[in-house]
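Note that the numbering runs from 1 along the sequence shown for the chain. The structure displayed is predicted, hence computed values, not measured ones.
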Amino acid sequence: MTSPIRIDVTTGNRTSPIWIGEGLSQELPSLLDRHGVGPRRFIVSSPVVWRFHGEQLGAALGGGDPILLPDGERYKNLQSISKVYEALIRANADRGSTIIAVGGGVVGDSAGFAAATFLRGIALVHVPTTLLAQVDSSIGGKVGVNHTLGKNLIGAFHQPALVVIDPALLKTLPRREFRSGLYEVVKYGVIANRNLFDRLNTDAKAIFAKDPAALVPAIVDSCRIKADVVSKDERESGLRRILNFGHTVGHALEAVTHYRRFRHGEAIALGMLAAADLAVARGAMAERERTALANLIAGLGPLPSVTDLPISEAIEAIRRDKKVVHGRLHFVIAIEIGATITVDDVSEDELRAVLGRLGLKN
């Protein structure tokens, strides 16, 4: 195993370490001890993840029975959180206990929200097993669940005590799930790193092959971007909004399809296309940059259709989005590959036109 890389998220007087390394999950016991994680550790995972990784990770984490939650965005709800609470209460978990989330974004968000709220907050460790969770959802302290009327409307900020990212865990990930995570890597390239964006074009074959020489640097660069942003703006009062690039329309598409059609990254990919289209229509982004983004997204693989989705339903979901502040929607648009701005004056007519060009129906 090559030497692992440590990246810190520093918020206030707290440091949340992220460790990244091929095969690093084998070092979980020593990492947990080194970072002061107490002996009472409760694993939260999903049946699918535990079937693939339970034997290895269960032994490393102490061999206790995991709390298994169904996977999929439609199960990221308060009912799942209640299941975690019940298991913790029955096991007499206390404030010295730690929840260890082993899984993708749904498991991490749900387990994280349980950790943030059980006994008013206990420690949380992330061991992400999907690319999307490794580069995005396990980092930054956002935890929460969905409501039938919108995505992530119920949640909290709860920084993990530790994040352990092992790209070797991605070897069992289906291509569609892996590609979903790559769209978030594309996002990081668009908002902050032209070089990362360009590497996704040149190294796509090696990245899909999960070659550590190509994949690990992409994960590290993504984590560094997010860690830097969160360290400067934990509560999304300003800079952190750039991480929402593609998420305004993306979250709306997930909501109107009841979290059943899209993988999260797929919805974000469509949202990025919409945001770039809006930027070009406003004269804020050159057409060649929009084309570069569209070509990269198309080159990674197919996206689910949106042609049967009504524009009016998507706009209604956007109005309920948590990025609406004092009645004004904060919408992140790219001005070039590697830079964005946030605008709060997008009209409904502009949204309708963008969604129509994306393929939604009137």
Side-chain angles (χ1 to χ4, degrees), residues 9 11 135-137 139-142 144 150-153 155 157 183-194 196-197 221-255 264-265 267-290 292-294 296-297 314-355 357-358:
V9 177
T11 53
V135 301
D136 190 64
S137 61
I139 301 164
K142 278 188 178 181
K151 184 178 172 70
N152 293 335
L153 293 180
F157 291 94
Y183 295 127
E184 287 281 2
V185 181
V186 171
K187 179 196 76 176
Y188 288 118
V190 175
I191 67 174
N193 190 325
R194 179 87 200 211
L196 174 60
F197 182 91
D221 284 354
S222 299
C223 291
R224 281 192 171 131
I225 291 167
K226 184 157 189 182
D228 180 62
V229 170
V230 173
S231 293
K232 292 173 180 173
D233 177 22
E234 180 187 15
R235 299 285 174 136
E236 203 173 291
S237 58
L239 177 64
R240 188 167 180 169
R241 287 176 180 151
I242 69 171
L243 299 174
N244 291 326
F245 177 66
H247 285 60
T248 302
V249 170
H251 282 177
L253 294 176
E254 289 181 284
H264 176 63
I268 299 316
L270 289 162
M272 288 191 289
L273 294 174
D277 180 57
L278 175 64
V280 170
R282 285 186 157 216
M285 186 185 200
E287 172 61 29
R288 67 177 181 278
E289 298 283 74
R290 187 205 66 79
L293 173 60
L296 176 55
I297 289 173
I315 288 179
E316 187 60 32
I318 289 171
R319 285 199 190 105
R320 288 192 295 264
D321 194 277
K322 62 186 185 301
K323 289 177 283 297
V324 174
V325 181
H326 301 307
R328 299 183 77 88
L329 172 66
H330 292 260
F331 202 118
V332 182
I333 60 174
I335 53 175
E336 62 183 18
I337 304 300
T340 62
I341 58 172
T342 301
V343 297
D344 65 357
D345 61 347
V346 179
S347 69
E348 184 169 319
D349 286 346
E350 285 180 290
L351 280 176
R352 285 187 175 279
V354 165
L355 293 171
R357 290 192 291 270
L358 191 62

Any donor-acceptor pair under 3.5 Å from Glu350 side chain to Ser347 backbone: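 Yes; judged by distance alone, with no hydrogens or angles, the pair exists.
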Heavy-atom donor-acceptor pair, Arg240 side chain to Glu234 backbone, under 3.5 Å: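 Yes: the side chain of Arg240 pairs with the backbone of Glu234.
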Partner of Tyr183 by side chain to side chain contact (heavy atoms under 4.5 Å, CB included), out of Asp136, Ile297, Leu270: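 Result for side chain to side chain contact (heavy atoms under 4.5 Å, CB included) with Tyr183: Ile297.
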Once you round to the nearest 0.5 Å, how far does [atom1] of [X] lie from [atom2] of [Y]?
X      : Y      : atom1 : atom2 : result
Met272 : Ile191 : CE    : CD1   : 10.0 Å
Thr11  : Asp233 : OG1   : CG    : 11.0 Å
Lys187 : Asn193 : NZ    : CG    : 13.5 Å
Arg194 : Leu196 : CZ    : CG    : 11.5 Å
Arg282 : Ile335 : CZ    : CD1   : 13.5 Å

Is there side-chain contact between [X] and [Y], with heavy atoms separated by less than 4.5 Å?
X      : Y      : answer
Val186 : Leu293 : yes
Leu273 : Arg290 : no
Glu236 : Ile242 : no
Glu254 : His264 : yes
Ile337 : Glu289 : yes
Val343 : His330 : no
Leu351 : Phe331 : yes
Thr340 : Ile333 : no

Looking at every heavy atom in both [X] and [Y], which two are closest together, and how far apart are they?
X      : Y      : value
Ala292 : Phe197 : O-CZ, 3.7 Å
Tyr188 : Lys226 : OH-CD, 3.2 Å
Phe245 : Val332 : CD1-O, 3.6 Å
Ser222 : Val185 : OG-CG1, 3.6 Å
Met285 : Ala334 : CB-O, 3.5 Å
Ala252 : Ala314 : CB-O, 3.7 Å

Pair Val135-Glu184, side chain to side chain contact (heavy atoms under 4.5 Å, CB included): steps then yes or no: CA-CA 7 Å; Val135 301; Glu184 287 281 2; 4.1 Å; yes
Lys/Arg N to Asp/Glu carboxylate O, [X] vs [Y], below 4.0 Å:
X      : Y      : value
Asp344 : Arg328 : yes
Glu348 : Arg319 : yes
Lys232 : Asp228 : yes

